[in-house]
Amino acid sequence: MEAKGYHVAVVGATGAVGQQMLHTLEQRNFPISKLTLLSSERSAGKKVMFRDEEYIVETATPESFEGVQIALFSAGGSVSKQLAPEAVKRGAIVVDNTSAYRMDENVPLVVPEVNEEALKTHKGIIANPNCSTIQMVVALEPIRHQFGLNKVIVSTYQAVSGAGAAAINELKEQAKAILNGDDFTPEILPVKGDEKHYQIAFNAVPQIDKFQDNGYTFEEMKMINETKKIMSMPQLHVAATCVRLPVETGHSESVYIEVDAEGVSAQQVKELLKESDGITLQDDPSQQIYPMPANCVGKNDVFVGRIRKDLDRDNGFHMWIVSDNLLKGAAWNSVQIAESLVKLQLV
């Protein structure tokens, strides 16, 4: 990476993902000559430390982006819709972490291990995919590349941090209340804006985001559509069921795939993934070694295990995929995109 520094803005700097973005920029020693931290009016004025310096978070306005070269957005879809075009107008490249632009045909949807080249087509805005989609396609891309891919069926077991800090607090408060025998009223999950709210502590809730007319939730449709777009495979058969679990951080996924090649063994798939970028293979049933969310927190990789052949279909495989949803699922993928922009000399 060049020694040259860039003027970087982080929008949503006080949120869970914004904080992780700053931590990741620091950890990766990303070349920054100037840093601008932005948020809603509500969070403006807060102080944030970065590289031993104190920064005061400012209210995000169109003018905030004057001179900014890379803007990392994680402040909600409505903010991205409103301010991303303003940032681009002023010369910034926007890496957007919301669903606002993901399915826009003029916006590349990028996971660097999978489709880094798509960055070359950007027109100012680059979309960061959904956290659940990111970890799945990182694991599936080497398989697709080597053996072909025609079907994906995924069930997710998602952490509450995907729904924000308030959801984490709700999980903890409910757990305390249940253990103490106290009453409580759910207010956040499954969806804050929906009519009903359910207990998440000691429970599993098969709804993430709002239901669509086809019976799938918006989260499930995001996984289905984004996977096809990132892999440039509109014909790929994808189905998803997304479930929220009482886990603080780290999404897990049970994934069934069918490949095009015949006679592929589970061992071949394991060897392939073991050598692939961004993946840690944890797969030794004899020693009870497999990925778990408690062990992947704070790590950038996608962890894969429980790889086994389907008993009825020769081209079918099952696997278990786990990743830190705030890191690879959000902050790390965004910073990785910024690193790729520098590497490809696109900024």
Side-chain angles (χ1 to χ4, degrees), residues 1-2 4-13 17-18 20-21 24-25 28 30-36 38 60 62 64-131 133-135 137-138 141 145 222-223 225-234 277-278 300 327-347:
M1 200 175 276
E2 297 176 32
K4 177 189 174 189
Y6 299 90
H7 183 175
V8 175
V10 176
V11 186
V17 173
Q20 280 284 11
M21 282 175 174
T24 307
L25 288 166
R28 298 289 299 175
F30 189 83
I32 295 173
S33 57
K34 185 179 179 185
L35 180 66
T36 300
L38 303 169
S64 306
F65 298 97
E66 295 293 347
V68 170
Q69 292 162 286
I70 299 171
L72 305 177
F73 271 68
S74 186
S78 57
V79 174
S80 294
K81 283 279 194 201
Q82 187 190 342
L83 290 177
E86 296 292 341
V88 173
K89 246 186 243 177
R90 289 162 176 79
I93 298 175
V94 169
V95 181
D96 182 42
N97 200 46
T98 75
S99 59
Y101 295 100
R102 288 178 188 153
M103 295 315 297
D104 185 322
E105 57 186 32
N106 296 310
V107 174
L109 184 65
V110 177
V111 179
E113 293 93 339
V114 180
N115 64 336
E116 185 181 61
E117 289 294 304
L119 291 172
K120 293 177 178 174
T121 68
H122 87 79
K123 297 178 173 65
I125 299 175
I126 296 149
N128 199 53
N130 180 274
C131 45
T133 308
I134 290 174
Q135 66 187 68
V137 297
V138 167
E141 174 59 17
H145 185 73
K222 281 190 270 192
M223 287 197 79
N225 294 326
E226 290 175 24
T227 300
K228 295 180 182 192
K229 180 174 175 177
I230 295 162
M231 291 186 151
S232 300
M233 292 183 77
D277 286 346
N300 289 340
L327 272 175
K328 184 53 185 166
W332 166 227
N333 201 70
S334 299
V335 172
Q336 235 182 327
I337 289 171
E339 288 185 359
S340 295
L341 288 170
V342 172
K343 183 178 87 179
L344 299 171
Q345 299 182 324
L346 295 171
V347 63

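For reference, positions follow the sequence shown, starting with 1. Keep in mind that what you see is a predicted model, and the values were worked out from it rather than measured.
Nearest heavy atom pair, residue Ser334 against residue Met21, reads OG-CE, 3.6 Å. When all heavy atoms of Leu346 and His122 are compared, the closest pair comes out as O-NE2, 4.2 Å. Minimum heavy-atom separation, Asn333 to Val110: ND2-O, 3.1 Å.
Within the structure, ring-ring contact (aromatic ring centres under 6.0 Å, His included) contacts touching residues 64-119 (residues at least two apart or in different chains) are Phe65-Phe73. Applying the salt bridge (charged side-chain N to carboxylate O under 4.0 Å, His left out) definition to pairs two or more places apart or across chains, those involving residues 93-105 are Arg102-Glu226.
Qualifying side-chain hydrogen bond (donor to acceptor under 3.5 Å, both in side chains) partners for Thr24, counting only residues two or more places apart in sequence or in other chains: none.
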Report task. Kindly determine whether Val94 and Leu83 satisfy side chain to side chain contact (heavy atoms under 4.5 Å, CB included), including the steps that lead there. Result -> CA-CA 10 Å; Val94 169; Leu83 290 177; over 6 Å; no

Requested in this report: Evaluate the side chain to side chain contact (heavy atoms under 4.5 Å, CB included) criterion for residues Val68 and His7: first the C-alpha distance (whole Å), next the side-chain angles of each, then the deciding distance (0.1 Å), finally the verdict.
Outcome: CA-CA 5 Å; Val68 170; His7 183 175; 3.6 Å; yes

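The NZ atom of Lys229 sits 5.0 Å away from the CG atom of Leu109 when rounded to the nearest 0.5 Å.
Between Val10 and the options Ile70, Leu38, Leu25, a side-chain contact (heavy atoms from CB on, under 4.5 Å) holds for only Leu25. A side-chain contact (heavy atoms from CB on, under 4.5 Å) with Ile93 holds for exactly one of Ile337, Ile125, Ile126, Val88; it is Ile126.
Side chain of Lys81 to backbone of Ala100: a donor-acceptor contact under 3.5 angstrom is found.
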